[in-house]
Amino acid sequence: QVQLVESGGGLVQTGGSLRLSCAASGRTFSMYTMGWFRQAPGKEREFVAAISWSGGITNYADSVKGRFTISRDNAKITVCLQMNSLKPEITAVYYCAAGRPPPVATRTAYNTWGQGTQVTVSS
């Protein structure tokens, strides 16, 4: 079993950058596809980005392409989301998730979730 804990959320101004980190525990981290999802108040949890166990394949939601970058470091058992050119519209709780390969965008493909970290972008 893998346990996930997100960190790095906070308040940032429009146009700024933020880097989220997800720390994993458990000896099978490298076998999992990892993803980031977000959920704003009153809305469904939506896909942001995902990465294969090897780091060689990535998928991004159209809304974040060119601005967000997902990466993983299996030696440090972490997965990160670099978020640039931020706008208030992306304000949400961001969740790290682990699931089966390949790195798909479907929420139900992921069976292990972190507790979430709040990201707020001010005008």
Side-chain angles (χ1 to χ4, degrees):
Q1 185 65 39
V2 175
Q3 294 79 44
L4 307 174
V5 179
E6 303 97 332
S7 63
L11 176 65
V12 64
Q13 294 184 4
T14 296
S17 298
L18 204 61
R19 183 176 177 86
L20 306 183
S21 179
C22 176
S25 62
R27 60 183 65 182
T28 59
F29 173 74
S30 63
M31 298 182 182
Y32 284 82
T33 288
M34 302 298 298
W36 286 95
F37 290 74
R38 65 190 178 193
Q39 187 167 20
K43 296 185 177 181
E44 295 291 324
R45 192 169 299 186
E46 66 177 356
F47 172 74
V48 176
I51 188 167
S52 65
W53 68 268
S54 67
I57 303 173
T58 57
N59 284 326
Y60 294 93
D62 289 341
S63 62
V64 306
K65 288 181 178 178
R67 298 187 298 111
F68 289 10
T69 302
I70 188 171
S71 62
R72 70 190 298 165
D73 185 343
N74 291 344
K76 298 182 181 298
I77 53 174
T78 58
V79 59
C80 295
L81 184 69
Q82 179 66 45
M83 309 163 64
N84 300 323
S85 302
L86 297 179
K87 298 179 179 180
E89 289 75 20
I90 65 93
T91 293
V93 176
Y94 283 70
Y95 297 88
C96 178
R100 66 179 185 273
V104 299
T106 306
R107 179 175 56 84
T108 55
Y110 301 84
N111 53 22
T112 302
W113 297 83
Q115 83 288 349
T117 185
Q118 177 70 44
V119 173
T120 302
V121 182
S122 63
S123 300

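Quick note: numbers below take in every heavy atom, side chains included, and nothing from hydrogens, waters or symmetry partners. Small disclaimer: the values here were computed from a predicted structure and weren't measured.
Across Val104 and Ala109, no two heavy atoms sit closer than the pair CG2-CB, 3.4 Å. Across Ile70 and Trp36, no two heavy atoms sit closer than the pair CD1-CD1, 3.6 Å. Taking all atoms of both residues into account, the shortest heavy-atom contact from Tyr32 to Val2 is CE1-CG2, 3.4 Å.
In this structure, Thr106 contributes its side chain and Thr108 its backbone to no donor-acceptor pair below 3.5 Å. With hydrogens and angles ignored, the 3.5 Å screen pairs no side-chain donor or acceptor of Ser21 with any backbone N or O of Gly8.
Note: Leu11 CG to Leu18 CG = 9.5 Å, rounded to the nearest 0.5 Å. Between Leu81 atom CG and Thr117 atom OG1 the span is 11.0 Å, to the nearest 0.5 Å. Between the CD1 atom of Ile51 and the CD1 atom of Ile57 there is a distance of 10.0 Å, given to the nearest 0.5 Å. Atoms CG and CE, from Leu20 and Met83 in turn, are 5.0 Å apart once rounded to the nearest 0.5 Å. Atom OG of Ser52 sits about 7.0 Å away from atom CZ of Arg72, to the nearest 0.5 Å. Rounding to the nearest 0.5 Å gives a distance of 8.5 Å between CD of Gln82 and OG of Ser71.
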When the side chains of residues 86-98 are checked against the rest of the protein, which donor-acceptor pairs come out under 3.5 Å, sequence neighbours left out?
residue	atom	partner	partner atom	Å
Thr91	OG1	Pro88	O	2.9
Thr91	OG1	Val121	N	3.0
Tyr94	OH	Arg38	NH1	3.0
Tyr94	OH	Ile90	O	2.8

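Met34 and Val119 fall within the same hydrophobic cluster, where Ile, Leu, Val, Met, Phe, Trp and Tyr residues are linked whenever their side-chain heavy atoms come under 4.5 Å apart, directly or through other members.
Sorted pairs that involve residues 66-86 and meet ring pair (Phe, Tyr, Trp, His ring centres under 6.0 Å), not counting sequence neighbours, are lacking altogether.
Side-chain contact between Gln39 and Glu46 is absent, with no heavy-atom pair separated by less than 4.5 Å.
Remark: Arg45 qualifies as a cation-pi partner of Trp113 under the 6.0 Å distance and 45° angle criteria applied to the six-membered ring.
Applying the 6.0 Å contact sphere to CD of Gln115 captures more than 12 heavy atoms from other residues, nucleotides or ligands.
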Determine, stepwise, if the pair Asp73 / Thr78 fulfils side-chain hydrogen bond (donor to acceptor under 3.5 Å, both in side chains).
CA-CA 5 Å; Asp73 185 343; Thr78 58; 5.2 Å; no
For Ser25 and Gln3: C-alpha separation, side-chain torsions, deciding distance, then whether side-chain hydrogen bond (donor to acceptor under 3.5 Å, both in side chains) applies.
CA-CA 5 Å; Ser25 62; Gln3 294 79 44; 2.9 Å; yes
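Aromatic ring centroids of Phe37 and Tyr110 lie under 6.0 Å apart.
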